[in-house]
Amino acid sequence: MLSFTLLQAGLSTGLSVVPAIAVARALHRREFPGRSFLVVLLILPLTLPAIAAILGVTQVYGPNGWLGGWFQLYGLTGILIAHVFFNLPLAARLLLSRLESIPADSYRLGAQLGFAPRDILRHIEWPVMRAALAPAALLIFLLCAASFAVVLILGGGPQAATLEVAIYQSLRLDFDPARASALAIAQVLLCTAVVIAGGRKLLPESSMAAGKGLWKNAYARSPGSLALDTSAIMLTVLIVVPPLAAILINGLSSLPAANAVMKAAFTSLTIGLASAALALILSMPLAYFGARAASEPSRRFLTILSLSAWMLPPAVIATGWFIALLPFHFGGLGTALLIVAMNALMALPFVYGGLAAPVAELTARDDKLCASLGLRGLSRLRSIDLPSLRAPLVLAGAMAFAVSLGDLTAITLFGSGDIQTLPALIYRQMGSYRMADSAGTALFLAASSFAAMWFAEVWARKT
Amino acid sequence: MKKYPTIAVFSFLAFIAPAEAKQTLTIYTYDSFVTEWGPGGKIKQAFETSCDCTIEWVAPGDGVALLNRLKLEGSGTQADLVLGLDTSLTAEAQALGLFGRHGIDKTRAKVPVPWADDVFLPYDYAHFAVIYDSEKITSPPKSLAELVDGPAEEKIVLQDPRSSTPGLGFVMWMKSVYGGKAGEAWSKLKRRVLTTTPGWSESYALFTKGDAPMVMSYLTSSAYHRISENSARYKAAIFSEGHYLQIEVAGLIEASPEKELARKFLDFMLTPGFQDQIPQGNWMFPASDTSSPLPANFNEEGAPPKTLLFSPEEAAANRKAWIEEWLNAIATP
């Protein structure tokens, strides 16, 4: 059980993160029609509830899928395909936002020194990416270890069960909180070990001043790099687009017009925005603290802290909260707040990961200047920090929004029927034989998050 | 000065008091009972006109989640009534010591087995059945044995008994047919299992997408397709050994301040006002009289040759061991 968890999560992480390096570089240095469309698409898998993504994947690769069952989907193959679909784009997006923070001056300097593309990678891009790589890989590893719907369904059944399934079972059917806690502690220890082992180069050391603008194409003229970039982009398109296209096509045949969908969309939007705001509010102090922390162990501790919602299974955290809050008989609003808090916690690693490096660069650049000007507290935040952090803040917030939009864990644990988000509606439609309607709702969910991401990208780039 | 908050509290109480005059009956149920397609809305309407009270549905998830909510809340539960447990969960629910006797004439409950429970009262039932895609399977299995021994190329999607009630129902079904040889039967069936999903919804979605030509579901699933979708494509296979039965029940909370109202609801539950909503709202068979007979095509396959059902005590005592047996057989490569 444990070894399978490690195997599938390790393989999924490797297959997602390694190609993502090439994909991020290609997206960074190439301009091509549809590039910004593709960049927005990268976050989309993250917002899909697991079952919608699984149905998209089986529509393409399943026995009755477009590829006509060329190969055996159910098993390790299925798990890996789904996890790469979820996480390669995520890793590419995380790395891309780091690459985009490299100032044009660095490339200019490289050009003056006669750097070959290889040298640019080694001396300019790799240090920046490496700083983001370890946290991204850790996060993806944890996401894969925790994704039990994908593992159970596409893994072909309980032979592929993970630790998470065992925890879920002891909480649900056996209702044995003691066993669940013991297993949860085992999972936390496992994850902490992975974090510590893999976390030696966890936080960005780069102190390069962030600048605006890109220095593109000048270093990417060799046919070899063009071929590499083209194939990286083709690969992304091939991995990301078909399942999304399946969701689009299935959904179009039964577009939702019902009130229920609009109402659920409004609920999802409200919860998503509130969770994103809360995740940003929680992450900012963490990021500042991390940037100024002197010691390596305290930085590592912060990263572990930001990952806590994924190290401890969300179901365990939620049950704990439920027991703690039981005496207070909270109503609908209390439930909504719990869901928001839970979603914010789940979004924390994405947000913290997106903010840590830019905040570190900012504090390194501006702390002395601000001190000498006597700018402190809110006035500094307003006049200096927020404007220069706008792009990372908007993108991190958008990611938190995406995570919350697709979440079903918090809602199924706390929900009481009156709070219905889009993923909950998808599930209820499926549970009432309305498979076609649920495909329509899934399309609506995907389309709304696409619109939100598009808006965020445009806003982040606005100067 | 201290007086003022007290006065404020009292005037506030005076303000909300009239609203309290209407009794509220809090019913815990499962999710799909109270969706816009479920029977909950119409049942609430029908009961409220007769009682001058308000029904508040609380739906924490499916039947298993419902039981867990009760375990978590214990005697502090807000529920006056719980509707939606099935007979494989009732022994455990009763052991919580929360439920009181229903005090209603048990012969009014019309289910395929004689009803003897003083605590829980049935409101609907259905046999489990394998549903198959008639466009892909021309000769469906006629028995559980044929399902177990049949060709490996024709796949079935099952549910995990650890998280799904139909999944658990199928474990009980296998056990009641194969007894001590269930482990072997699982190992044989394994060849035909495309995958096992956490809940019914995922399995049914994979089935209707065409990934597998068979799925574990309810006898009444075919009625949904015939009546709501006007399609005869998906049919239920009738097995000669008989079919395992799911009976869904409700019970009242002994310590509830609204116990009398809860009892009134249980009485209402076995009248047409409630039962009329069941066949095409919950897609189950009614457990008492409806005002008009069921549509002719509701049960085209006819009743199963035999009904299989363990007593709640047997089911509760053996559940863990039987799930373990399933897991060992199916999870060994």
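As a basis for the values below, the full set of heavy atoms in this structure was taken, side chains included, without hydrogen atoms, waters or symmetry mates. Here is the naming used below: chain letters follow the sequence lines, and residue numbers restart at 1 for every chain.
If you measure heavy-atom distances from Ser221(B) to chain A, the contacts under 4.5 Å come from both the backbone and the side chain. Both the backbone and the side chain of Leu55(A) come within less than 4.5 Å of a heavy atom of chain B. Looking at Thr35(B), only its side chain comes within 4.5 Å of chain A, counting heavy atoms on both sides.
Side-chain contact between Thr196(B) and Ile153(A): absent, with no pair of heavy atoms (C-beta onward) separated by less than 4.5 Å. Between Asp31(B) and Arg428(A) there is a side-chain heavy-atom pair separated by less than 4.5 Å. Using a 4.5 Å heavy-atom threshold, the side chains of Ile54(A) and Glu202(B) count as separate. With a 4.5 Å cut-off on side-chain heavy atoms, Leu152(A) and Thr197(B) do not count as touching.
Ser432(A) pairs with exactly one of Trp37(B), Trp283(B), Tyr224(B) by the side chain to side chain contact (heavy atoms under 4.5 Å, CB included) rule, that one being Trp37(B). Among Tyr234(B), Phe207(B), Trp200(B), Tyr218(B), the one residue that satisfies the ring-ring contact (aromatic ring centres under 6.0 Å, His included) test with Tyr433(A) is Trp200(B).
Judged by distance alone, with hydrogens and angles left aside, the side-chain atoms of Asn64(A) form a donor-acceptor pair with the main-chain N or O of Lys209(B) at under 3.5 Å.
Annotation: Lys44(B), atom NZ; neighbour count of heavy atoms from other residues, nucleotides and ligands within 6.0 Å is above 12. Residue-environment remark: NZ (Lys42(B)) stays at or below the threshold of 12 foreign heavy atoms within 6.0 Å.
Interface check for chain A: of the options Ala212(B), Gly210(B), Ser203(B), Ser32(B), the most heavy-atom pairs under 4.5 Å are formed by Gly210(B). When each of Met435(A), Gln429(A), Arg434(A), Gln59(A) is checked for heavy-atom pairs under 4.5 Å with chain B, Arg434(A) comes out on top.
Closest heavy-atom contact between Met430(A) and Ala205(B): CE-CB, 3.7 Å.
Between Asp211(B) and Tyr74(A), the side chains place a donor N or O and an acceptor N or O closer than 3.5 Å (distance only, hydrogens not considered).
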